[in-house]
Number of protein chains: 4
Amino acid sequence: MMNRVVLVGRLTKDPELRITPSGVPVASFTLAVSRPFSNQQGEREADFINCVVWRKPAENVANYLKKGSLAGVDGRVQTRTYDGQDGKRVYVTEVLAESVQFLEPRSASGDRGEGGYNNPPREQKASYSGGNNYQNQPPRSNNQGYSTDLDKDPFANSGQIDISDDDLPF
Amino acid sequence: MMNRVVLVGRLTKDPELRITPSGVPVASFTLAVSRPFSNQQGEREADFINCVVWRKPAENVANYLKKGSLAGVDGRVQTRTYDGQDGKRVYVTEVLAESVQFLEPRSASGDRGEGGYNNPPREQKASYSGGNNYQNQPPRSNNQGYSTDLDKDPFANSGQIDISDDDLPF
Amino acid sequence: MMNRVVLVGRLTKDPELRITPSGVPVASFTLAVSRPFSNQQGEREADFINCVVWRKPAENVANYLKKGSLAGVDGRVQTRTYDGQDGKRVYVTEVLAESVQFLEPRSASGDRGEGGYNNPPREQKASYSGGNNYQNQPPRSNNQGYSTDLDKDPFANSGQIDISDDDLPF
Amino acid sequence: MMNRVVLVGRLTKDPELRITPSGVPVASFTLAVSRPFSNQQGEREADFINCVVWRKPAENVANYLKKGSLAGVDGRVQTRTYDGQDGKRVYVTEVLAESVQFLEPRSASGDRGEGGYNNPPREQKASYSGGNNYQNQPPRSNNQGYSTDLDKDPFANSGQIDISDDDLPF
DNA sequence: TTTT
DNA sequence: TTTT
């Protein structure tokens with residue numbers, strides 16, 4: 001009945017942007033959050049926490065964050081389940097981000113000066129405006145919109161075909 | 001660099017208490033936390049979040065909580081990894097509880113009037129006092145202390161032989 | 001850029017419900033949250049945290065919570081400022097509750113069996129439906145709706161005439 | 001019974017470091033946390049949240065943070081009360097920081113390249129080692145240790161003579 | 001001005 | 001493998 005998570009950490013790689021069949025953007029990324037204490041070997045470990053974010057902030061994540069970016073997440077812990085390729089049930093625990101904060105001032109962590117508060121997005125994209133306006137985009141072979149990510153089947157490049165509209169929160 | 005979780009929900013079953021080889025108690029339990037919104041079918045779903053707690057609060061959890069108890073957890077999201085029985089790496093995301101709150105007033109949720117703030121623990125157990133006082137307990141075949149749980153191999157009754165002293169936080 | 005609070009505690013008195021000039025309900029209440037440690041005198045102290053909640057959940061708070069109720073709050077820390085009666089600036093720090101959880105199962109804490117999850121509200125009231133439907137209620141002297149609280153000037157019975165539509169979040 | 005706050009924001013001015021009569025360091029600072037939404041005038045407001053931190057992290061705050069620094073706080077909401085100079089009770093709500101995170105990479109926000117993760121503290125100071133080792137420092141007129149802040153009465157330069165050992169958490 |  |  002209460003479920004709140006707050007994380008600050010760094011993206012382990014560039015976020016991945018997907019579009020559900022009904023046209024809703026979803027971004028997923030992993031945050032590396034180093035632990036505040038050392039282990040028995042005296043090393044500082046990290047937790048690698050999978051995060052998902054939907055709709056408009058999904059686009060922002062895809063546009064402004066990349067591998068190594070410092071980001072804050074405010075959201076909920078979420079569990080879901082899907083049938084693995086080997087036929088057995090897979091249990092997933094991840095963080096559903098309700099908002100994502102960009103904590104990378106200017107080009108502090110970037111190799112090429114992009115990302116950050118006041119900078120233009122990595123590439124200009126059509127903006128999500130709350131409806132299913134993605135549906136009227138040709139699913140492939142177009143040269144704008146989500147082209148870079150989507151000019152291939154959005155669900156083709158990873159093994160996880162387990163994201164569907166059923167996972168939509170709210 | 002920041003990692004905080006707060007949960008309130010109900011135990012899906014009785015907590016499990018383990019003792020590491022060096023004598024530290026660990027309890028694990030799953031919290032069912034119902035979502036604040038309904039899905040497309042109009043049903044209220046829940047997240048089933050695995051939690052672990054160490055040392056003294058582990059004992060309290062084992063003594064005062066049971067299936068159905070309402071509990072609050074304040075902790076961190078933690079990821080770990082172990083080699084599954086089939087030889088492939090298993091990734092686990094769970095909540096490391098730093099404190100656990102008993103939110104079940106008196107015997108409100110209990111079938112037999114036990115549990116709750118002011119009630120005696122389910123069975124009187126030797127208390128964890130911060131050291132490795134568990135080490136001087138015979139590992140099996142004793143009739144007090146953690147007997148009910150430990151009079152069998154503490155790691156035998158579940159498939160997860162993946163808890164070791166290496167997982168000890170702090 | 002991140003601001004999150006989660007509280008679980010008990011109401012120090014019945015919540016107060018107000019309506020802004022433009023017809024938006026606001027409830028305010030104080031949560032007593034006992035500290036997890038004892039002070040130098042060995043006593044367990046508490047923090048008394050003022051909370052505000054707007055719109056629909058404000059009504060629920062007014063209907064379902066009362067002095068002594070156990071409640072959870074998920075929200076943000078908020079500061080505001082107003083001019084005190086003696087002419088000097090007053091600084092207020094409080095919690096803006098985005099959601100409020102009723103943790104009082106059945107009539108566990110109640111003296112009269114009311115409140116709680118499945119029980120009818122203390123008195124049946126017109127429900128807030130997101131618009132300014134309160135505006136078409138006569139501001140005073142009516143005998144239903146928010147009558148019990150509002151049949152007097154909603155801002156008369158306390159010194160704080162500092163709640164206005166300007167404080168509306170979102 | 002649960003009380004957790006997480007904040008990320010910027011210091012409104014340099015932190016202030018105090019030492020209690022029994023030699024425990026306390027730092028206080030205010031975080032400006034901008035709100036995630038705009039007000040009716042379309043402006044983005046901020047909350048100005050007073051924070052206190054004790055012992056070792058108090059020293060770190062004093063050494064590594066300054067006006068404008070981006071910082072994260074994980075802690076609790078705390079209320080206390082003291083008698084104002086005009087004889088009437090003053091109620092204070094603030095955040096007791098249990099840990100403070102420095103989110104300012106290198107010299108990104110600094111005017112003079114100091115502060116940040118890997119940089120030396122602003123001035124080298126004796127470190128707090130958990131005991132009351134401050135007591136054996138001459139209370140005034142020394143030229144190192146907490147000199148800059150303490151070579152004057154630690155409680156003289158502000159109106160708040162309301163910090164005492166009684167406020168010590170844990 | 002504080003709750004169990 | 002899930003709780004009220």
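Here is how names work: the chains are called A, B, and so on, in the same order as the sequence lines, proteins then strands, and each is numbered from 1. In what follows, every heavy atom counts, from backbone to side chain, and hydrogens, waters and symmetry copies are set aside.
Taking atom CZ of F102(B) as the reference point, atom P of dT3(F) lies 21 Å away to the nearest angstrom. Put simply, CD on E104(C) is 11 Å from C1' on dT3(E), counting in whole angstrom units. The CG-C1' distance, from L70(C) to dT4(F), rounds to 15 Å in whole Å. One atom, CG of L31(B), and another, C1' of dT4(F), lie 13 Å apart when rounded to the nearest Å. The distance from atom CZ of R44(B) to atom C1' of dT4(F) is 12 Å, rounded to the nearest whole Å. Protein atom CE of M2(D) is 17 Å distant from nucleotide atom C1' of dT4(E), rounded to whole Å. Here dT1(E) presents its C1' atom at 6 Å from NZ of K13(C), a figure rounded to the nearest Å. One can place CG of L65(C) at 14 Å from P of dT4(E), the figure rounded to the nearest angstrom.
Checked against dT4(F), dT1(F), dT3(E), the side chain of R10(B) finds its nearest nucleotide in dT4(F). Closest to the F48(B) side chain, of the nucleotides dT1(E), dT1(F), dT2(F), is dT2(F). Side chain of T30(C), nearest nucleotide from dT2(E), dT3(E), dT3(F): dT2(E). Distances were taken from every side-chain heavy atom of K67(B) (C-beta onward) to each of dT2(E), dT3(E), dT3(F); the shortest belongs to dT3(F). The R89(A) side chain lies nearest to dT1(F) when the options are dT2(F), dT1(F), dT1(E). The side chain of N50(B) has dT2(F) as its nearest neighbour among dT2(F), dT3(E), dT3(F).
Taking each heavy atom of L96(D) and P169(D) in turn, the nearest pair found is CD2-CB, 3.8 Å. The two residues A71(C) and L103(C) make their nearest non-hydrogen contact at C-CD1, 4.0 Å.
Salt-bridge annotation for E98(D) and R4(D): present, with a side-chain N of the basic residue lying under 4.0 Å from a carboxylate O of the acidic one. We find that R89(C) and D83(C) are joined by a salt bridge, their nearest charged nitrogen and carboxylate oxygen being less than 4.0 Å apart.
In terms of modelled atom types and a separation under 3.5 Å, the side chain of T79(B) and the main chain of F48(A) share a donor-acceptor contact.
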